[in-house]
Structure formats: C-alpha cells, structure tokens
Amino acid sequence: MTTIVTPTQPIDGQKPGTSGLRKKTPVFMEPGYVENFVQAIFDGIGGAEGKTFVVGGDGRYFNDKAIGTIIRMAAANGAAKLIVGQGGLLSTPAASNLIRKNKTDGGIILSASHNPGGPNADFGIKFNIPNGGPAPEKVTEAIFAATTSISEYRISDAAAPDLSVLGTSDVDGMVVQVIDSVADYAELMGELFDFDAIKALFAGGFTMCFDAMHAVTGPYAKAILEGTLGAAPGTVINGVPSPDFGGGHPDPNPVWAKELVDTMMAADAPDFGAASDGDGDRNMIMGRGQFVSPSDSLAMLTANATHAPAYAKGLSGVARSMPTSQAVDRVAADLGIECFETPTGWKFFGNLLDADRATLCGEESAGTGSNHVREKDGLWAVLLWLNILAAKGQSVAEISAAHWAKFGRNYYARHDFEAVEKAKANDLVDTLREALPGLVGQSFGPFTVAGGTNFAYTDPVDGSVSENQGLIVAFEGGSRFVIRLSGTGTEGATIRLYLESYTGPDGDLALPVDQALSEIVAVAYEMIGLTAKTGRSEPDVVT
Ligand code: G1P
Ligand code: ZN
C-alpha cells in the first residue's frame, strides 16, 4: 500500500465556528473538501505521526464516507492508532469520554449537532483535544491557518476497514480498533449515579418517555434506560439512528421534539420526559405537563446535585454561557460557590473544568454537563434528573415549584431570526453596539436600562481574551436581553435574541412564559430596530 501525496489548493471558508466546521453536505462532498480540512487538522496540531485519535460521528448522511477518508488520511499521516465507534457511531460525549479514558491525542467528531442531516442538509467536522473537549480558539486558529496555506494532502490507497465488525485491523501500518459505541459510556454513567435508586424508581412504576429523535442516543438510551435501569420497553422512542434523522430536525426543543411534547402534555402523560439531539450532547427535560427550560434545569441540577454520588461532596463551582439565564447565579450565591459567565460554546468551559473551578456547566441551548467529560452531555443530564427525582421522591413539578419559591423565577425565551441577509444582521448589531453607552439610565416601557455591555471574556485560567461575544442590555431589577449572531448557521445570518424577565419569590411564579415575557419582547424588538432593519416582525423559532 502506498501513501499518495495529492497536490491541492486552499479552499475558502474552512473556518471552524462555535463548534467545528459546519457546512451544507454538498459542500463537504466536493472533491478535496474533507481531505483539505482533515489535513489542516493534522497540520494545525503539529502532525499526526505516532498519535492516537478517537473517530466517530452521529451517523448522519456522509458520516461513513468521511470516516473512511479520515482513516486513510490518518494512516498516510503516520498516526499509530484510531479508536472508532462501531458503524462509525459515537455520541459526542461518548467520544469525549474515550479520548480521556484512553489518554489519546484527541479526536475527530463528525456531526452538525442538532442541524438536519441528508444529502442537502448539514454536515460538520470538529477536532477535540486530549482533554476530550472541543479545540480552543488557539487550536482552531492554527487549523484555519493551515487551511489557507495548504498545498498537498496525504492519503493511503489502502481500503478502510469494515466498521460494522468489532475488533482490530491494520491500515497501512496504523491500528484501527472498532469498539462498542455504548459500553464505555454506560460504564461511566454507572460510576456517577445511584443506579440502584433509579432502578427502584422504575420498579415502583415510574414512567418515562425518551425521544432519541432518530439520532445517535437511541442505542445509548435503550441500553442504559431500558436495559440496565429497567425502564419499560418502549420508553425510548425514535431510537434507531438514521442518516437523515427520520426526515426531522434533531433539535430537542419544544418546536422540533413535538412528539415528546404532545406525549408529555397529554392527560395520561408519563412522569418524566426527555430528548436528545443529533450527536447526543443536548437535552430537553419535561415533567408531566411541564417544560423545564435549559437555564432552569441547570439551576435546579446545581441546587440538587449532591443527591448523585459523583457530586455528593459538593460542587467546586458552576459556569454558564453568557446568554443563559441568571437563574443558576442565585443558586451559586446561595451555595457559596463561584459562578462563571463565559462566551457561547462549550469550548470555553474546558479550562474551568480542567482547573476544577467549575463542576457543572450549562448553556441555554439545551446543553448541560459536568467534569465527567469535556462536552455537554444529553443523557447525563437525564440521568442526573432521574437520580434527583429518585432521591427526593418528588415530581418535576414539585422540584420546580420549590426552587422558584426559594430563588424566584427567571422567565426565559430565545427568539431566532434565521437566514437574515448578513449585511442587515451586521448592521442591526453594529447599530445597537454603538448605542449601548448612551442607553444607561433611559427608560423603555416599564424598564430602565442599568447597563449595556459588549461582552468580552478573560479566561481566568489562561488569561486568553475573547471579545465581541454578544451585546447585553440589562435592566434594573434583574431582567435583560442579549443579542448575538449564530456561529453555527449555514445560511445567511441567524440573529439570536435572548429574553429574560426576573420575578422574585413573592411574585407570580406560575405565569405562561410568553405572557411573562411580553413586555420585554416588545421593548427589545423596538430597541434593536428589528423590523426597520430586517423587515422581520416574528421570530422563526422560539425556544
Ligand atoms: C449554538 C448554541 C450554543 C452551542 C452551539 C453548539 O451556537 O447557541 O450554545 O454551544 O450551538 O451546539 P450558535 O449557533 O448560537 O453560535
Ligand atoms: Zn449537539
């Protein structure tokens, strides 16, 4: 077998965003597109010679072909070993665990997360570093720089092995180990949680619906929930991963996980509901007749985490992305632990977790996780909720009501405006940014502006600075809105407007969310000049 050195030229736009490189699938399928980017990963991290990597993806269309290319390129670049999930499948948190557990040099994860999959949908590739987490900016910048100066890539002409068969094979002198996609992850979950308590909960008749959304968590959820923990067969729905996620949009929110929402809102709803996304790192939590916002879920998990064995000694600290509601801040203050506000994207939590400054982390975009891996983890969040429900013997509704009665409630929603012309979106953000300093002290409807910030973050561990991470308009009394442009979209610009209205413990804690937010929505739309600048008056998606 030989290594073929293929001359190539830089391809525009191979710049990793919030979470790796995401493009339309046909773009990734263009000749040389995957090859250029994978070579740039190897070049950007100082070569692959003698290294071991984990490789796997969420099973979306083109996952198998791209993995075949990666295997042949890793061999040609001198890698020693690849650990690959069976069938090319690994959830993102499972990949993170394998990278850490095997002390590898990192991993390549193929996913466009919650974006749809298929020949005309989305695809993505990202590199994770040896701590198991997404590459930080200095690494993604080096990879991007390599994409702009690339002149050749290396690929073996050996055939990639059959990934459906467990075991070890040789590709041009490199070892490829195909492993069970679920086993290591399931073992880790068993170490973190009180599985006996959760088993007893299910044995006592507790009912649950887990929507795997035709994506990667199906096999994980079936093995752990129905297999190990004894949840009734059929607890996991849409549990077989498919290349186009059953034609759906594998995003666990009330819009896209409608089947679960309908089940949980029905008169005969199960006790607990949950869903996870394309690659298994996001989660949605529901009680009977109730949606728990991801920001509230983070706060409630933080307040109750000591019920799980892994966190029984308490949390070192907690971190949330800036647009995530401030609900968890109140819990951290009560517990007397540090609370960090980071830019959007899981990569910003890595240093805090490595340095043991934070134990739990979360994002409003359905991401929650802990120091057990370096990615957010959908099933982990579901299992922590189950552990807490089992230990407290309370329902989701009882836990939420008690939480709000103690801390007050941060009513919260995110409005997304998709496929906006980039120039118009940039103009809207630029205009607000320039206006920020002059807004303080001004009143809009019932709100008085307390602060206007162009959010920048200085990493407390390595001192690196990330600027222009979103605009915050904070009002007196704890309400606020945040605006930023998406870094994962693949079409035009997506404007994300995050709305948060705080009601203290003595206020009305049981309002419908849209009612509680109606005034701040109107004020925010007006202040950002939404309709004047974009022609839009309604969001495309509310989560
Ligand atoms: C979105 C979410 C962000 C998350 C990322 C990757 O990024 O908002 O919280 O970390 O996906 O899952 P965005 O499109 O907003 O840049
Ligand atoms: Zn995801």
Side-chain angles (χ1 to χ4, degrees), residues 15-22 56-60 90-96 109-117 122-126 128 133-135 137 140 212-213 215-217 220 241 245 249-253 256-257 275-284 293-295 298 319-325 341-350 361-369 373-381 412-420 425 429 455 466 468-470 482-498 540-541 543:
K15 189 174 174 51
T18 311
S19 186
L21 183 65
R22 297 240 180 113
D58 61 12
R60 70 181 56 223
L90 283 178
S91 78
T92 293
S96 182
I109 300 177
L110 298 93
S111 170
S113 186
H114 49 291
N115 294 8
D122 292 353
F123 196 78
I125 298 184
K126 76 172 179 174
N128 280 28
E137 280 182 334
T140 55
M213 304 190 82
V216 78
T217 48
Y220 295 85
F245 307 118
H249 200 126
D251 195 355
N253 63 41
W256 295 112
S276 189
D277 73 329
D279 63 329
D281 58 357
R282 295 185 172 205
N283 73 89
M284 178 166 98
S293 82
S295 296
L298 175 65
R320 64 163 170 85
S321 69
M322 180 274 281
T324 303
S325 98
E341 186 178 44
T342 61
T344 295
W346 206 261
K347 61 189 172 199
F348 292 101
F349 295 135
C361 303
E363 293 196 274
E364 53 68 39
S365 53
T368 334
V373 288
R374 292 296 180 272
E375 290 278 5
K376 57 194 178 233
D377 188 344
L379 256 181
W380 167 89
Y412 187 85
R414 186 178 94 189
H415 290 195
D416 289 342
F417 305 88
E418 295 174 345
V420 177
V429 172
F455 182 63
S466 304
N468 297 318
Q469 297 294 324
V482 170
I483 189 163
R484 59 179 282 280
L485 300 182
S486 160
T488 59
T490 52
E491 202 183 334
T494 296
I495 300 172
R496 300 208 195 282
L497 178 64
Y498 309 81
D540 295 293
V541 182
T543 50

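In each ligand, atom 1 is the first atom listed, and ligand 1 is the first ligand listed. Bear in mind the structure is a predicted one, so any value in this text is a computation, not a measurement. Just so you know, these numbers use all the heavy atoms, side chains as well, and skip hydrogens, waters and symmetry mates.
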Undergrad: Using distance alone, with no hydrogens and no angle criterion, decide if S113 and D277 have a side-chain donor and acceptor under 3.5 Å apart.
TA: yes

Undergrad: Any side-chain heavy atom of E375 sitting closer than 4.5 Å to one from S91?
TA: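 No - every pair of side-chain heavy atoms lies 4.5 Å or more apart.
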
Undergrad: Should you measure from each heavy atom of T344, which atoms of ligand 1 turn up under 4.0 Å away?
TA: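 Going through ligand 1 atom by atom, the ones under 4.0 Å from T344 are 3 (C), 8 (O), 9 (O).
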
Undergrad: Considering G345, S365, S19, which one's heavy-atom position lies nearest to atom 2 (C) of ligand 1?
TA: S365

Undergrad: Using side-chain heavy atoms (C-beta onward) and a distance below 4.5 Å, is F123 in contact with R60?
TA: yes

Undergrad: Which protein heavy atom lies closest to atom 11 (O) of ligand 1, and at what distance to 0.1 Å?
TA: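 Checked against all protein heavy atoms, atom 11 (O) of ligand 1 sits closest to R282 NH2, 3.1 Å.
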
Undergrad: Looking at D281, which of its N, O or S atoms is the nearest one to the Zn ion (ligand 2)?
TA: OD1

Undergrad: Please tell me if the side chains of E137 and S466 come closer than 4.5 Å, counting only heavy atoms from C-beta onward.
TA: yes

Undergrad: To the nearest 10 degrees, could you say what angle the Zn ion (ligand 2) makes with OD1 of D279 and OD2 of D277?
TA: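 Computed angle, vertex at the Zn ion (ligand 2), rounded to 10 degrees: 90°.
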
Undergrad: Polar-atom distance check: L485 versus ligand 1, any N or O pair below 3.5 Å?
TA: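 Not met; the criterion fails.
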
Undergrad: Which of the numbered atoms in ligand 1 are under 4.0 angstrom from any heavy atom belonging to K376?
TA: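 Those of ligand 1 that fall under 4.0 Å from K376 are 4 (C), 6 (C), 10 (O), 12 (O).
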
Undergrad: Under 4.0 Å from a heavy atom of R414: give me the atoms of ligand 1 that qualify, with their elements.
TA: 8 (O)

Undergrad: Atoms of ligand 1 less than 4.0 Å from E363 heavy atoms?
TA: 3 (C), 4 (C), 9 (O), 10 (O)

Undergrad: Taking the side chain from D122 and the backbone from A112, do they hold a donor-acceptor pair closer than 3.5 Å?
TA: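 Pair absent, no side-chain N/O of D122 close to backbone of A112.
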
Undergrad: Is the shortest side-chain heavy-atom distance between S321 and T342 below 4.5 Å?
TA: yes

Undergrad: Going by the atom numbers of ligand 1, which of them fall below 4.0 Å from some non-hydrogen atom of R496?
TA: 8 (O), 13 (P), 14 (O), 15 (O)

Undergrad: Shortest non-hydrogen contact from G470 to R484?
TA: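 Heavy atoms of G470 and R484 come nearest at CA-CB, 3.9 Å.
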
Undergrad: Would you mind running through ligand 1 and noting each atom that sits below 4.0 Å from a heavy atom of G487?
TA: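 Taking each heavy atom of G487 in turn, ligand 1 has 13 (P), 14 (O), 16 (O) under 4.0 Å.
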
Undergrad: Between P343 and Q469, which heavy-atom pair has the shortest distance, and what is it?
TA: CB-OE1, 3.3 Å

Undergrad: Are side-chain heavy atoms of I495 and D416 found at a separation under 4.5 Å?
TA: no

Undergrad: May I ask you to check if ligand 1 and S113 share an N or O to N or O distance below 3.5 Å?
TA: no

Undergrad: Any N or O on H114 sitting closer than 3.5 Å to an N or O of ligand 1?
TA: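 Not met; the criterion fails.
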
Undergrad: Residues in salt bridge (charged side-chain N to carboxylate O under 4.0 Å, His left out) with R320, at least two apart?
TA: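 In terms of salt bridge (charged side-chain N to carboxylate O under 4.0 Å, His left out), with neighbours along the sequence ignored, R320 is linked to D329, E341.
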
Undergrad: With respect to the Zn ion (ligand 2), please indicate if S113 possesses an N, O or S atom at a distance under 2.8 Å.
TA: yes

Undergrad: Of all the non-hydrogen atoms in the protein, which one sits nearest to atom 7 (O) of ligand 1, and at what distance?
TA: T488 CG2, 3.6 Å

